[in-house]
Amino acid sequence: MLSRQYLREHPEEVRASLEQRGYDVDLDRVLDLDEEWRALKSRGDDLRHERNEVSGEIGRLKADGKEAEAQEAIERSQELKAELAEVEARADELEAELDAALLELPNVPHESVPVGDDERDNVEVRRVGFDALRELPEEVVPHYELGEELDIIDEARAAKTTGSGFYFLKGEGAMLEHALIQFMLDVHREQGYVDLFPPIPVKTTSMVGTGQLPKFAEDAYRIGGSETEAYDEDDLWLCPTAEVPVTNMYAEEILLREDLPLKHQAYTPNFRREAGEHGTETRGIVRVHQFNKVELVNFVEPDDSYDRLEALVGEAEEVLKRLGLPYRILNLCTGDLTFSSAKTYDIEVWAPGTPADDGPERGGRWLEVSSASNFEDFQARRAGLRYRPERHESAEYLHTLNASGTAIGRVMVALLEYYQNDDGTVTVPEALRPYMNGAEVIEGHEPVGESAVGAGKRD
RNA sequence: GCCGGGAUGGCUGAGUGGUAAAGCGCACGCCUGGAAAGCGUGUUCCCUCUGGGAUCCUGGGUUCAAAUCCCAGUCCCGGCGCCA
């Protein structure tokens, strides 16, 4: 959230930011609320000051045994009490309104973020791994067909147990998931990350802390109630990204300067409702309601956060480098930035098997596997994440950043398509083999059940 | 789930209706040849900032006045019960 002071002093910058992001917010109303609140607050402070003085006087008069004068003062105090209650009730009302409005204002983009409307205006920063591509089959089979063929991804049966947008991984597919997790965690441990295994349900305050709420309730799964109900009871949501539990782990705390930079990684499942996305991406595991990833979360001193963002992208892309997967990096434009972010780099891996309008020249598509963002103090202010620069100084908000250490399901998609062989098997990249019991190739499984006989895949 | 104990400033910790002791840490100042000790000041948030207001886990209530009394809740500790 933006600080009230910043809003007061830089209203035009906030207005420009809203415009560039494509937000339609009545900023003047927010500014008016603030001004009116301050006037009432001041009036209330004066009244309270007077009451405190009268109150102290009562104590002294009573001690001196001057009952009549004390009684007079008590009556004066009662008058003040009534007036104060009125002023403060109105001030509280305004402040609540102001806070609610502030929670819905997005972060202000950094000056290095390109101005633009949507993903078409994102700026490609670099492309990696396209110089020495491996030889691909004439026709690369999309992962959803290949996954079915090898019987390592089963979407149909997951629809039966859970619904559309979920999938089973089986045999070598499930092994590949475990292998990718362990491989990624190892890479990031080398980079100085400390592992966390967080609780998967999170409270509303946590969702507000990182910015998923109050504005984006329709994206998340609520446990034990409708996402539109009041949050008094059964206040739990399914983790939409490990960013939420991990960032909020230190909410309302003051860290020491020596604690920074704080680097945590966490593997978790992530749940997204993907409301309004029905009809697109219905095949495959690119857009699903549950996906798993290793998330990287950084807490740093404010002066370091932009250097750290560059380094963080490097740490995330290391996974793709070691797997030998070609990818590109984008600097997201203002219109494509998420709510809490001041600047975001996307890492998109090349999935050569799936056709797309906006894919690379060689065909296939770009798949977003990581978003590395600097939130500056936006989340820190919402969640109460502070640090003490020097022991004797007052605490300041720290800066938070995070990046997926790449989404596991989508990396798997890229692997199945990019490492595909002519005979329909998939080569396991060398870096991953130690995590796959040494397996060099994924050969698949015999399908199970009568339906396979009907389809001519079993005798 | 039940019974009992608890939550106070950066940390420890007193305070049972009259406006938050004390100690520790840290910083600065005084003192000193220098240091230690000692002394002083500071070390939460908000505001229209020579000043004022709020803050003793949270939210209600009683009262002229609440850290203190009452109600509800959260979390922590101990014991009992249940449980993969």
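Order of the sequence lines sets the chain letters (A, B, ...), proteins ahead of strands, with each chain counted from 1. Any value given below was found using the heavy atoms of this structure, including those in side chains, with hydrogens, waters and symmetry copies removed.
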- Determine the interatomic distance between P on rG6(B) and the same-named atom on rC83(B); round to the nearest Å. 31 Å
- Message: Please name the nucleotide paired to rA27(B) by Watson-Crick or G-U wobble geometry with both distances under 3.5 Å, or report none.
- Response: rU41(B)
- Query: If the C1' atom of rA72(B) is compared with that of rC28(B), how far apart are they to the nearest Å?
  - Reply: 46 Å
- Query: Distance-only, no hydrogens or angles: does the R382(A) side chain make a donor-acceptor pair with backbone N or O of L103(A) under 3.5 Å?
  - Reply: yes
- Message: Between Q5(A) and S3(A), is there a side-chain donor-acceptor contact under 3.5 Å, judged purely by atom types and distance?
- Response: no
- Item | CA sep, side-chain torsions, deciding dist, call: D377(A), R386(A), salt bridge (charged side-chain N to carboxylate O under 4.0 Å, His left out) | CA-CA 9 Å; D377(A) 62 4; R386(A) 293 182 298 167; over 6 Å; no
- Item | Inter-nucleotide P distance (rC69(B), rC80(B)), Å rounded | 30 Å
- Message: Pairing check on rA36(B): which nucleotide meets the Watson-Crick or G-U wobble criteria with it, both distances under 3.5 Å?
- Response: none
- Item | Residues Y387(A) and E258(A): side-chain donor-acceptor under 3.5 angstrom | no
- Message: Q379(A) vs E243(A), test: side chain to side chain donor-acceptor pair (under 3.5 Å). Steps then yes/no.
- Response: CA-CA 11 Å; Q379(A) 293 182 327; E243(A) 164 193 355; 2.7 Å; yes
- Span that lies between the C1' atom of rC77(B) and that of rG29(B), in whole angstrom: 43 Å
- Do nucleotides 44-54 of chain B as a string where each nucleotide becomes B, S or -: B if the base has a protein heavy atom under 4.0 Å, S if just the sugar-phosphate does, - if no protein is that close. SSBSB---BSS
- Task: Check the surroundings of atom CD in E172(A): do more than 12 heavy atoms from other residues, nucleotides or ligands lie under 6.0 Å from it?
- Result: yes
- Watson-Crick or G-U counterpart of rG9(B), or none if no pair lies under 3.5 Å: none
- Message: Could you tell me the Watson-Crick or G-U partner of rC56(B), where both distances fall under 3.5 Å? Say none if there is no partner.
- Response: none
- Pair assignment for rC2(B), Watson-Crick or G-U wobble, requiring both distances under 3.5 Å: rG79(B)
- What interatomic distance, in whole Å, is found between P of rC24(B) and the corresponding atom of rC31(B)? 23 Å
- Note on the structure: Between N298(A) and the options H399(A), R308(A), E315(A), the side chain to side chain donor-acceptor pair (under 3.5 Å) test singles out R308(A)
- Message: Judged by each residue's nearest nucleotide on RNA chain B, which is more toward the 5′ side, K81(A) or G59(A)?
- Response: G59(A)
- Query: Between rG18(B) atom C1' and I74(A) atom CD1, what is the distance in whole Å?
  - Reply: 11 Å
- Distance between C1' atoms of rU12(B) and rU63(B) (Å, rounded): 33 Å
- Could you give the distance separating rG34(B) and rU43(B) at their P atoms, to the nearest angstrom? 29 Å
- May I have all residue pairs that pass side-chain hydrogen bond (donor to acceptor under 3.5 Å, both in side chains) and include part of residues 432-442 of chain A, sequence neighbours excluded? D186(A)-Y435(A)
- Item | Rounded distance in Å - CG (D92(A)) to P (rU58(B)) | 15 Å
- How far, in whole Å, is rC56(B) from rA14(B) if one measures between their C1' atoms? 12 Å
- Using both distances under 3.5 Å as the test, list the Watson-Crick or G-U wobble partner of rA20(B), or none. none
- Note on the structure: When rounded to whole Å, the CD to C1' distance for the pair E79(A) and rA65(B) reads 16 Å
